[in-house]
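This report concerns only the one structure given below.
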Amino acid sequence: MTSRSARAKRVTSDAQVPPKGPVTKTRAPVTAVAPPDEAPARKPRAGRPPAAPLVAPTPEHLASVRGPLLDWYDRNRRDLPWRRTKDPYAIWLSEVMLQQTQVSTVIPYWERFLKRFPTARALASAPLDDVLAGWKGLGYYSRARNLHRAAQEVVARFGGALPSTAAALLELPGFGRYTAGAVASIAFGEEAPLVDGNVARVFARVFEVEGLPGDRQREATLWALAAALVKGKRPGDLNQALMEHGATTCRPENPLCLLCPVRTACVAFRKGRVDELPPAKVRATPKKLTLAVAVWPHAGTLLFARRADAGLFGGLWELPGAEIADDAPDTEARARIAAALGVEVKLEGALGAVKRQLTHRDLTLRLLRVSGARRPTSTPAFQELRWCTPADAASLGMSTAMQRALDAALTTGVLAGG
DNA sequence: GAGGCGTGGTA
DNA sequence: TTACCAAGCCT
């Protein structure tokens, strides 16, 4: 069996990207995918470059997927906490947390967060700082900022009640096509389609949708399929069934085809192409990012800084950091920190480094113990500066990377004995 | 539209 | 250890 990792590609930043085929602005040929018992009819137009076919399934083929999938879902659905509520706000929260994040990771966050911010109104009236603290460690922190903004908009424009259509939801910050479809269908019963990574994979196999992730034609095909399939009863369950099926059975690697409820309707299964659909995403090599991080003890506290809202770890607290070259000497690192803080600092010693692997960054935090005659209380490089004890810092919104750096710094005993 | 944006699980 | 990957959105 071909493993996905063997097929997966990785490009370095200076690698040549394979040239894309000639682009045609004319509509690609429409290919009807025949039900598995019949031979597929493919009629690419002569004289044109091959384009991803727009899959147009027959009503029979759709029905042969829809029914068995819903039956399977009724028997196999996982008992997830957000499936026990009909509260649109709670469902919305689950969908945002689940973006690019696995179910098992989300569950404790969802329960904690909902307890702390039980309604859209409660969330809207909370300081962003508290919201980010509730998101601490979950990653992709712009989700929390957008959620907070959207809650405020919901209160201001809709009296605290989430709008009930995908079209209206799409106007809110943090709602893309997927999340709008998910909340509209699951919380409000609208026949709104959704396509996530799971659904894309399921469709690629069942309907033999070609093309790489991100390809426009492919995306259009997937959304058209989702829209066709969701028409009917229980649209929310149908959408969840698709995702659940993709997450548990039609997995990226080692899919459980023998347990698959739609095996007989699956074109890839019939053709033996399950392992080659969908093609693996081409990922860029993470870029190196090195930050000099200031460990500045004073009277049982350390200096913390709140990052700008945009960009990496936006709005989060940190030991004040400044970007440096990977091979920068400590003297240069000290200078960068001094510039960021707007005061002179003295280098007291290096406290080692913490490395973190992000999806897109190879992050190194170099800890430098510093001191200074003038202790800063504000500086343009950061939204806010604050001198905190470790206990104070525990309740700040902070990335896991910086939490590790802080733990490492405290382990060295910088605060011991004042 | 391609790249930025986190983290933890898994093989 | 390393690399891939997961219920995407924003610019």
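Reminder, nothing fancy here: chain letters follow the sequence lines and each chain counts from 1. These values consider heavy atoms only, across backbone and side chains, with no hydrogens, waters or symmetry-generated copies. This is a predicted model, so every value here is computed, not measured.
Put simply, the side chain of Gln152(A) gets close to the backbone of Ala124(A): a donor and an acceptor are under 3.5 Å apart. Panel note: side chain Lys136(A), backbone Ala394(A); a donor-acceptor pair is recorded below 3.5 Å. Side chain of Glu244(A) to backbone of Arg78(A): a donor-acceptor contact under 3.5 angstrom is found.
For the pair Gln99(A) and dG8(C), the criterion of a side-chain N or O lying under 4.0 Å from OP1 or OP2 is not met. Under 4.0 angstrom from either OP1 or OP2 of dG4(B) there lies at least one side-chain N or O belonging to Lys287(A). Distances shown here put every side-chain N or O of His360(A) at or beyond 4.0 Å from the OP1 or OP2 atom of dG4(B). An OP1 or OP2 oxygen of dA6(C) is reached within less than 4.0 angstrom by a side-chain nitrogen or oxygen of Arg201(A). Considering only side-chain N and O atoms, Tyr141(A) lies under 4.0 angstrom from the phosphate OP1 or OP2 of dT7(B). OP1 or OP2 of dC9(C) has not a single side-chain nitrogen or oxygen of Arg143(A) nearer than 4.0 Å. OP1 or OP2 of dG3(B) has not a single side-chain nitrogen or oxygen of Arg283(A) nearer than 4.0 Å. At the phosphate of dG1(B), OP1 or OP2 sits under 4.0 Å from a side-chain N or O atom of Arg216(A).
Going from the P atom of dC9(C) to that of dG8(B) covers 22 Å, rounded to whole Å.
Atom CD in Gln102(A) sits about 8 Å away from atom P in dA6(C), given to the nearest Å. Rounded to whole angstrom, the span from the CG atom of Asn254(A) across to the P atom of dT10(B) amounts to 14 Å.
Counting non-hydrogen atoms under 4.0 angstrom, Leu147(A) reaches nothing in the nucleic acid. Residue-level contact check: Trp135(A) touches neither bases nor backbone, having no heavy atom under 4.0 Å from any strand. Among the heavy atoms of the strands lying under 4.0 Å from Arg78(A) is at least one base atom, whether or not backbone atoms are also near.
Residues Ser104(A) and Ala310(A) each lie close to DNA chain B; by heavy-atom proximity, the contact nearer the 5' end of the strand is made by Ala310(A).
Judged by distance alone with a 3.5 Å cut-off, no donor-acceptor contact links the side chain of Thr400(A) to the base of dG8(B). Residue side chain Thr359(A) reaches the base of dG6(B) through a donor-acceptor N/O pair under 3.5 Å, judged by distance alone.
Taking the six-membered ring where tryptophan is involved, the planes of Phe113(A) and Phe117(A) are tilted, since the angle between them lies from 30° to 60°.
With no hydrogens or angles considered, a side-chain donor-acceptor pair links Thr101(A) and Arg143(A) at under 3.5 Å.
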